Asks: 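Here's a structure for you.
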There are 2 protein chains.
Amino acid sequence: MATLNDVAEEAGVSPTAVSRYLNNRIELPQATRDRIDAAIAKLDYRPNLLAKRLSTGKTEAISLVTPEIANPFFAELAAAVEAEAERHGYAVYISSTGGSRAKEIDALNRLRDQHVDGLIMMTNQPDDGTLARLLKGAGNVVLLDEDVPDVAVPRVFVENVEGAYLAANHLIELGHDDIALISGPAELFSVRERLAGFERAMDEARLPVRAHWILLKDYSRQFGYEAMRWLLKQSPRPTAVLACSDYLAIGALKAVREAGLTVPGDISLVGFDDMPFAELVDPPLTTVRQPIADMGRIAFERLMAVLNKTPAPALTRLPVELVVRKSVAPAKRKTN
Amino acid sequence: MATLNDVAEEAGVSPTAVSRYLNNRIELPQATRDRIDAAIAKLDYRPNLLAKRLSTGKTEAISLVTPEIANPFFAELAAAVEAEAERHGYAVYISSTGGSRAKEIDALNRLRDQHVDGLIMMTNQPDDGTLARLLKGAGNVVLLDEDVPDVAVPRVFVENVEGAYLAANHLIELGHDDIALISGPAELFSVRERLAGFERAMDEARLPVRAHWILLKDYSRQFGYEAMRWLLKQSPRPTAVLACSDYLAIGALKAVREAGLTVPGDISLVGFDDMPFAELVDPPLTTVRQPIADMGRIAFERLMAVLNKTPAPALTRLPVELVVRKSVAPAKRKTN
DNA sequence: AAATGCAAGTAAAGCGGTTTACATAGCGAT
DNA sequence: ATCGCTATGTAAACCGCTTTACTTGCATTT
């Protein structure tokens with residue numbers, strides 16, 4: 001591969017001149033420019049990014065850490081960040097932590113080593129302080145979708161409270177009054193917010209929130225499945241379930257089907273996220289849509305603001321929207 | 001951040017000694033080792049990867065180009081490659097091309113710039129020769145899942161012919177004789193292979209392959225939808241459809257549902273891939289499973305072989321398996 | 001006592017760029 | 001004839017690490 005020196009030699013100028021010309025730090029007469037351009041073309045020169053990065057200390061790259069890239073919600077989010085980054089000439093290094101704390105820490109350390117300019121972090125499990133400490137050390141961080149307490153960086157979240165409120169209200173309006181909730185770990189910010197939205201809707205309708213029908217563990221299909229199995233065994237059982245992620249809802253759906261029951265015939269179900277497959281499952285899932293493309297775009301914008309030391313809001317809330325499909329039916333009349 | 005020089009100074013030795021010690025290229029007495037270790041710990045030293053890579057010309061990183069990371073099939077494949085790469089201490093840079101030729105080329109060029117050691121390439125569209133030329137120039141490439149003609153690199157594919165044969169036979173055994181096929185672009189290797197498997201099954205059963213029921217365009221949900229809509233309008237229409245990817249099958253499913261018909265009641269459907277959501281759609285999809293984890297692992301192994309100039313098979317075929325779920329029913333008796 | 005060999009390092013160049021500070025030529029003004 | 005200015009560059013250090021070739025001191029052999 002040709003180097004800057006080769007180009008300089010070929011063009012009969014100094015490497016300095018070529019470098020400065022390529023970075024627009026010098027005005028050269030047309031003749032010289034032409035010679036350099038010709039040399040570059042002839043040698044098929046491409047700057048060595050490694051060398052450039054080492055020299056400037058800037059990488060024009062960011063890192064994106066996601067719990068699980070195979071989860072379509074995160075995959076779409078990653079794609080959205082990447083699309084925006086590309087428009088700005090930034091590379092994105094995606095790392096997927098498999099939801100394990102150790103791998104999150106790994107990813108953060110590796111990031112320090114790879115010398116990226118910044119980091120967009122998504123997590124889906126509560127932090128015991130480790131993550132916060134690492135993130136403070138890392139600098140140039142933006143949190144997306146989920147909070148990590150005690151770290152002063154820009155955050156991009158959706159209106160979790162509003163989302164759960166809309167979902168619960170939808171169920172209530174259709175006559176449901178025994179509503180269960182399945183969600184992630186109690187310590188997680190989004191879990192608490194969504195729970196708050198649920199409770200607000202129930203309170204406003206003067207419906208009781210039954211503690212034993214609030215099932216919190218993690219945002220996984222497996223837990224959605226287990227939780228729903230448990231709920232179906234109760235008597236009386238809830239007439240509707242609010243699952244606080246589509247993954248949970250899909251697991252729940254499987255449990256219902258296995259029990260020989262149907263959604264929404266026997267039990268109504270609302271999800272949260274509107275991941276790409278929500279409309280394809282059986283039945284198409286009524287769910288709360290998060291604006292994935294906007295989230296990715298805005299998270300990247302916020303990171304750019306941090307990098308350029310431009311002022312930017314510390315917290316951005318993106319609106320959600322209830323998407324009504326086929327997984328909710330009106331409650332059956334009580335046989336009093 | 002502390003540098004190697006800082007460590008050397010702190011430990012009272014030369015940078016050379018530290019470098020060689022860290023890379024196991026020198027035997028030092030315990031006392032010296034201890035001093036260096038102490039200095040590293042004290043300064044919280046981490047080697048600058050950029051500098052290391054520039055210096056050695058090795059990056060311990062590979063690039064993975066995928067058509068679309070938001071497609072769960074590719075996302076899982078990417079995760080599998082990443083898992084294996086991590087075991088070997090390699091970083092993986094994922095780029096997602098959105099199925100556009102221009103972006104594939106971009107990705108390959110960027111790769112040259114990023115100086116990765118190697119590349120695992122997945123594509124899902126036919127090549128006009130551009131890609132082949134670039135890949136030849138790139139070196140250290142492995143093709144995964146799909147072929148690019150005329151480039152002599154190791155390939156990892158599944159038994160496409162066998163897969164389609166199994167799927168078609170399954171339909172035939174259940175009495176179907178009017179079977180349509182929906183697949184990707186005719187020029188694509190996997191499309192031709194799967195078509196061959198289909199035709200072989202039909203021939204063996206002495207069933208006619210009707211040319212107007214071979215619908216080839218691209219591996220997208222949209223095309224699956226359009227193709228199925230068209231098929232449903234025909235009279236008589238096929239009693240079963242073999243969709244050569246789950247994405248196609250899912251689009252087809254949507255068309256059936258919109259037409260007020262059901263799978264498998266009115267028409268049977270088999271997919272191909274067994275992506276994670278295949279069992280979650282309505283009805284759970286009967287499909288041909290590709291061994292995603294193995295594909296990722298073996299592709300990485302092949303790339304390592306190329307990098308280490310170890311001999312490795314030019315072509316590896318991984319077995320597929322028919323997963324019977326609920327999207328196929330026995331053919332109804334003909335009302336002669 | 002000189003030669004030999006080994007252990008324990010080190011000096012300096014190089015990877016491919018960037019950047020700071022300086023150089024030279026040509027030209028108009030005085 | 002000289003001064004100073006602008007246009008057009010250049011030399012050399014540096015980013016942080018690796019690596020080749022060399023040095024130094026000491027114990028052992030002859």
Side-chain angles (χ1 to χ4, degrees), chain A residues 1-40 43-61 89 91 109-117, chain B residues 1-40 43-61 89 91 109-117:
Chain A
M1 288 250 340
T3 72
L4 190 76
N5 275 289
D6 300 338
V7 172
E9 200 166 317
E10 174 79 25
V13 294
S14 72
T16 313
V18 180
S19 170
R20 301 182 59 178
Y21 167 57
L22 289 178
N23 293 291
N24 296 315
R25 297 207 196 303
I26 199 177
E27 293 273 302
L28 292 179
Q30 189 62 46
T32 312
R33 297 214 298 263
D34 289 347
R35 286 205 324 279
I36 296 179
D37 289 339
I40 288 176
L43 301 175
D44 189 21
Y45 167 73
R46 321 205 92 219
N48 182 328
L49 273 196
L50 249 33
K52 182 169 197 160
R53 288 174 176 179
L54 177 59
S55 186
T56 59
K58 301 209 152 291
T59 60
E60 310 255 284
N109 280 329
R110 211 162 41 222
L111 182 163
R112 245 179 85 188
D113 301 347
Q114 310 275 352
H115 294 262
V116 294
D117 294 341
Chain B
M1 287 244 347
T3 72
L4 190 75
N5 275 288
D6 300 337
V7 172
E9 200 167 315
E10 175 78 25
V13 294
S14 73
T16 313
V18 180
S19 170
R20 300 182 60 179
Y21 167 57
L22 289 178
N23 293 292
N24 296 317
R25 295 204 198 304
I26 199 177
E27 292 274 301
L28 292 180
Q30 189 62 47
T32 313
R33 296 214 298 262
D34 289 346
R35 287 206 324 278
I36 295 180
D37 288 339
I40 288 176
L43 300 176
D44 189 23
Y45 168 74
R46 322 206 91 219
N48 182 327
L49 271 197
L50 249 32
K52 182 168 197 160
R53 289 173 176 181
L54 178 59
S55 185
T56 59
K58 301 209 152 291
T59 60
E60 309 258 282
N109 280 328
R110 210 162 42 222
L111 182 164
R112 244 180 85 190
D113 301 347
Q114 310 274 352
H115 295 261
V116 293
D117 294 342

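Sequence lines set the chain letters: A, B, ... in the order given, protein chains first and strands last, and positions in each chain run from 1. Bear in mind that the values here come from a model prediction, so they are computed numbers and not experimental data. We use all heavy atoms of the structure for the numbers below, so side chains are in, but hydrogens, waters and symmetry mates are not.
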Asks: Suppose we call a contact any N or O donor and acceptor under 3.5 Å apart; does that hold for the side chain of B:R20 and the base of C:dT10?
Replies: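 Indeed there is one.
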Asks: From the options C:dG16, C:dG17, C:dG9, select the nucleotide whose nearest atom is closest to the side chain of A:P47.
Replies: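 Among the listed nucleotides, the one closest to the side chain of A:P47 is C:dG17.
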Asks: Which nucleotide in the list C:dG17, D:dT10, C:dG9 gets nearest to the side chain of B:A17?
Replies: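 Between C:dG17, D:dT10, C:dG9, the one nearest the side chain of B:A17 would be C:dG9.
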Asks: Using a 6.0 Å cut-off, check whether atom CD of B:E60 has over 12 heavy atoms from anything other than its own residue.
Replies: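 Counting other residues, nucleotides and ligands, CD of B:E60 exceeds 12 neighbours.
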Asks: If you check every side-chain atom of B:T56, which of D:dT18, C:dG9, D:dC15 has the closest atom?
Replies: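 Minimum distance to the B:T56 side chain belongs to D:dT18.
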Asks: Would the base of C:dA11 count as contacting B:T16 through its side chain, where contact means a donor and an acceptor less than 3.5 Å apart?
Replies: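 Looking at the base of C:dA11, it does pair with a donor or acceptor on the side chain of B:T16 (distance under 3.5 Å).
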Asks: Take atom CG of A:L4 and atom C1' of C:dG14, then tell me their distance rounded to the nearest Å.
Replies: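 Going from A:L4 (CG) to C:dG14 (C1'), I get 16 Å.
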Asks: Using a 4.0 Å heavy-atom cut-off across all strands, classify B:P15 as base, sugar-phosphate, or nothing.
Replies: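 Contact class for B:P15: none.
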Asks: Under 6.0 Å from the CD atom of B:E10, do we count more than 12 heavy atoms belonging to anything else shown?
Replies: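 Yes, the 6.0 Å shell around CD holds more than 12 heavy atoms from other groups.
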Asks: Quick one: does A:S55 reach the base of C:dG17 with a side-chain donor-acceptor pair under 3.5 Å?
Replies: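 Side chain to base: pair found, below 3.5 Å.
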Asks: Whether B:N48 contacts D:dC15 is assessed here as follows: a side-chain N or O lying under 4.0 Å from the phosphate OP1 or OP2. Is that the case?
Replies: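 Answer is no, no contact under 4.0 Å.
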Asks: Considering heavy-atom distances to DNA chain C, does B:A51 or B:V13 have its closest nucleotide positioned more toward the 5' end?
Replies: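 Going by which nucleotide is closer to the 5' end, it is B:V13.
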Asks: Taking only residues two or more places apart in sequence, or in another chain, which ones meet A:Y21 in a side-chain hydrogen bond (donor to acceptor under 3.5 Å, both in side chains)?
Replies: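 Once residues adjacent in sequence are excluded, the partners of A:Y21 under the side-chain hydrogen bond (donor to acceptor under 3.5 Å, both in side chains) criterion are A:D37.
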Asks: Round to the nearest Å and state the distance from A:R25 atom CZ to C:dT19 atom C1'.
Replies: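 Taking atom C1' of C:dT19 as the reference, CZ of A:R25 is at 9 Å.
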Asks: Can any side-chain N or O of A:R53 pair as donor or acceptor with the backbone N or O of A:T59 at less than 3.5 Å?
Replies: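 A pair under 3.5 Å: yes.
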Asks: Is A:Y21 touching bases, backbone alone, or none of the nucleic acid, heavy atoms closer than 4.0 Å?
Replies: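 Nothing, no nucleic acid heavy atom in range.
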Asks: Give A:L50 one of three labels, base, sugar-phosphate or nothing, depending on what nucleic acid heavy atoms sit under 4.0 Å from its own.
Replies: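 Contact class for A:L50: none.
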Asks: As a check on the pairing definition, encode DNA chain C in dot-bracket form, counting Watson-Crick and G-U wobble pairs whose two distances are under 3.5 Å, and using | for partners outside this strand.
Replies: ||||||||||||||||||||||||||||||
Asks: Can you measure A:Q30 atom CD to D:dA7 atom P for me and round it to whole angstrom units?
Replies: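 Spelled out: CD on A:Q30 to P on D:dA7 is 17 Å.
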Asks: How close or far is atom P of C:dA23 from atom CD1 of A:I26, stated in whole angstroms?
Replies: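 Rounded to the whole Å, the gap is 17 Å.
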Asks: In whole angstroms, how far is the P atom of C:dG16 from the CG atom of B:L54?
Replies: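 About 7 Å, once rounded to whole Å.
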Asks: Give A:S19 one of three labels, base, sugar-phosphate or nothing, depending on what nucleic acid heavy atoms sit under 4.0 Å from its own.
Replies: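 A:S19: base contact, heavy atoms under 4.0 Å.
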Asks: With respect to B:V18, which candidate in B:D6, B:V13, B:N23, B:N5 satisfies the side chain to side chain contact (heavy atoms under 4.5 Å, CB included) definition?
Replies: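 By the side chain to side chain contact (heavy atoms under 4.5 Å, CB included) criterion, B:V18 pairs with just one of B:D6, B:V13, B:N23, B:N5: B:V13.
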Asks: Given C:dG16, C:dT18, C:dG9, which nucleotide is nearest the side-chain atoms of A:K52?
Replies: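 Looking only at heavy atoms from C-beta outward on A:K52, the closest nucleotide is C:dT18.
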